[in-house]
Amino acid sequence: MRDEKRMAPVERESGPGGTSQAIEALSTEDRHFPPSEAFRAQANVADPDVYARAAADPEGYWAEQASQLDWFAPWQTVLDWQPPFARWFDGGRLNVAHNCLDRHVANGLGDKVAYYWEGEPGDRKVITFSGLLDDVRRCANALKALGVGKGDRVAIYLPMIVEFPVAVLACARIGAPHTVVFGGFSADSLRDRINDAGAKVVITADGGYRRGKTVALKPQVDAALADGACPSVRHVLVANRTGDAVGMVADRDVWWDDLVPGQELDCPAEPMESEDLLYLLYTSGTTAKPKGIVHTTGGYLTGVASTFRSVFDIKPDDVYWCAADIGWVTGHSYIVYGPLANGTTGVLYEGAPDFPDPARWWEIVERYRVTVLYAAPTAIRAHMKWGAQFAQKHDLSSLRLLGSVGEPINPEAWIWYHHHIGGDRAPIVDTWWQTETGAIMISPLPGITDLKPGSSTIALPGIDAAIVDEAGKPVGPNEGGYLVINKPWPSMLRGIYGDDKRYRETYWSRFPGRYFPGDGARYDGDGYTWLLGRVDDVMNVSGHRLSTTEIESALVSHELVAEAAVVGVSDPISGEAPVAFVTLRDGSAVSKELGETLRQHVALKIGAIARPKSVMFTPDLPKTRSGKIMRRLLRDIAADRPLGDTTTLADAGVVDLIRDASRSGKEE
Ligand code: PRX
């Protein structure tokens, strides 16, 4: 069990910035890439006046966007804002699955491809909009047969197979909020999320494929549910993927192939209130307990559908590929809901980018003639490391737009992406947003905005962003500050599931009345936004959020660990990487093996992405006089940088001890 009591309070970082060297490089970056005349001429949004129009009447602008969806009943009010609680399109009724599927089929797009799916071993499927609609109806009826009704929560823990979007949309169809848990998370993490959400059914698979091997999922579900640990769960629906032997618990577990294909096709889409819960998605915050981010129906769909159209400049014949996992918000908003709401053809790929070799992505782009590619900087940097020769072997001329998401993209990676993948022709949209924002907030509009490598440029129409100092006053150009959002927007989170107090405190207390995302930023002289990284105890590892406190909590749950502190250090591929400082209980011997055991222990408790890059054993941790761990100092030590001011240290000698230990005893 996690034991938070044994942990020392942790020093809060007080200022923005303080991240990687990549940031320093940003300040000298002033190359401009204006949209080409050819791109501008065909762009969905080409009139710069859209910003002023939306700023003058944001509610009118968002109502216009919402009216492009199919509503069963019209809304009465666009926005009801009782800070920090927003209600959008109140009185309106709609169904998200209907908007993503039925209306396109009704409009004659039934035979259009919804997804080209490719499994890692090379198996392929083509799913049309009408085929997907049928699968979703059957799956929705299967969920009903398992006792799931409107309002019941369903946990989804799947690899990137076709059943994933089917399961998500089936939940939306019957008004059962889903909570997707990324397949890389451990049984412990899965259990916590299932229990917080009170899920009635878990949808999983026997396993999935990753780098040529199968990765078990069902056994993790069994471990999560063992000994009655998840009392809300009645059934587990298991998709057949790897064929690996798994145990099935009588009366609880049922194979997808035994239940779903035989279901009736008749399954009307449930009319949902605009503010009904669509899904929960857990994300890391500054404490050990992940937050269940609440997204509702009408505003969320409006936000993702509208931004998908404008940012990716989507046309009816585009083939769009977001190379993320549906387990993260990027996949929710821009693999499933945004693209399908626009009737767009997408690509789904199950596996690793370098299996069987690093040409895999480029092979996929060529095979399906992908026109728009959306990926994370960490993946771009990995491709840079593998080399451009893999891309050069393939015809990438179909690509007309590229996207980046999840972390700041360093100019070097931007230029490589632009040149080697985009053929110096495709604009890059660097999109800043979060699990909490639901949809893209700051990004170029590719037919309007001049691009600068490394800048996510300016807030989208209808989004009112600012950069402020500690006192909430706007800062001048090139002065770092805190990013804030001044006004509510339709796809914003509606809260933290079951914890209004934490919702208020986390996002709305630092700058009352304004949303505080936890990022530092600066504007340059042209008013362009440069994100400077998190200002709290959250790390960004390969574009995924990890809480330092959560990793510390996992470490101290090991019987030999007395105390632990975790910091993020800059890493050439993953952006940041966790490094752990550990003090052992009296009498425990330091060894290389123990370092490895502790790294594994974290992977087991949270998931492989949280495994520390290194563990440093220290006789003590540097603390302020009030007993707070000095993370800033640990970061300097981990990065082997000169130490800053140490005068608040309780025992200055500790620093030397730690530094010696870190020089001689880094456990890789
Ligand atoms: O720090 C920002 C960073 O990722 C955080 C959000 O993480 P998550 O909720 O997991 O969502 C990731 C995918 C939307 C932000 O607070 N971040 C995300 N996109 C960018 C970014 N930082 C800089 N530039 C971006 N484009």
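All ligand and atom numbering here is 1-based and tracks the order in the structure. Counting begins at 1 with the first residue of the sequence.
Using a 4.0 Å cut-off between charged nitrogen and carboxylate oxygen, Arg545 and Glu436 count as a salt-bridge pair. A salt bridge links Arg510 with Glu470: at least one charged nitrogen is closer than 4.0 Å to a carboxylate oxygen. Between Lys289 and Asp192, none of the side-chain N atoms (NZ, or NE/NH1/NH2) sits under 4.0 Å from a carboxylate O, so this pair counts as no salt bridge.
Protein heavy atom in closest approach to atom 25 (C) of ligand 1: Glu407 O, 3.5 Å. Of the protein's non-hydrogen atoms, the one nearest atom 9 (O) of ligand 1 is Thr435 OG1, 2.6 Å. Summary of contacts: the protein heavy atom closest to atom 10 (O) of ligand 1 is Arg545 CD, 3.5 Å.
A cation-pi contact, defined as under 6.0 Å to the ring centre and within 45° of the axis, links Arg193 to Phe185.
A donor-acceptor distance shorter than 3.5 angstrom exists from the side chain of Ser189 to the backbone of Ile606, with no hydrogens or angles considered.
The part of Asn540 lying near ligand 1 is the side chain, judged by heavy-atom distances below 4.0 Å.
The shortest N/O to N/O separation between His544 and ligand 1 does not fall below 3.5 Å. Residue-to-ligand polar distances keep Thr330 apart from ligand 1: every N/O pair is separated by 3.5 Å or more. For ligand 1, the polar-atom distance check against Asp430 finds a nitrogen or oxygen pair separated by under 3.5 Å. Looking at Ser456 next to ligand 1, no N or O pair under 3.5 Å apart turns up. For ligand 1, the polar-atom distance check against Gln434 finds a nitrogen or oxygen pair separated by under 3.5 Å.
Not less than 6.0 angstrom separates the ring centroid of Trp88 from the ring centroid of Trp489. In this structure, Phe308 has its ring center no closer than 6.0 Å to that of Tyr337. Note: Phe312 and Tyr320 meet the aromatic proximity criterion, with ring centroids under 6.0 Å apart.
Checking Ile442, Thr431, Asp519, Val405 against atom 15 (C) of ligand 1, the nearest heavy atom belongs to Asp519.
Between Trp81 and Lys487, the closest side-chain pair of non-hydrogen atoms is not below 4.5 Å.
In this structure, Pro408 counts as a contact residue of ligand 1, since one of its heavy atoms falls inside 4.0 Å of the ligand. In this structure, Gly406 is part of the shell of residues with a heavy atom less than 4.0 angstrom from ligand 1.
Proximity to Trp433 (heavy-atom distance under 4.0 Å) selects the following atoms of ligand 1: 6 (C), 14 (C), 15 (C), 18 (C), 19 (N). Atoms of ligand 1 lying under 4.0 Å from at least one heavy atom of Leu531, given by number and element, are 23 (C).
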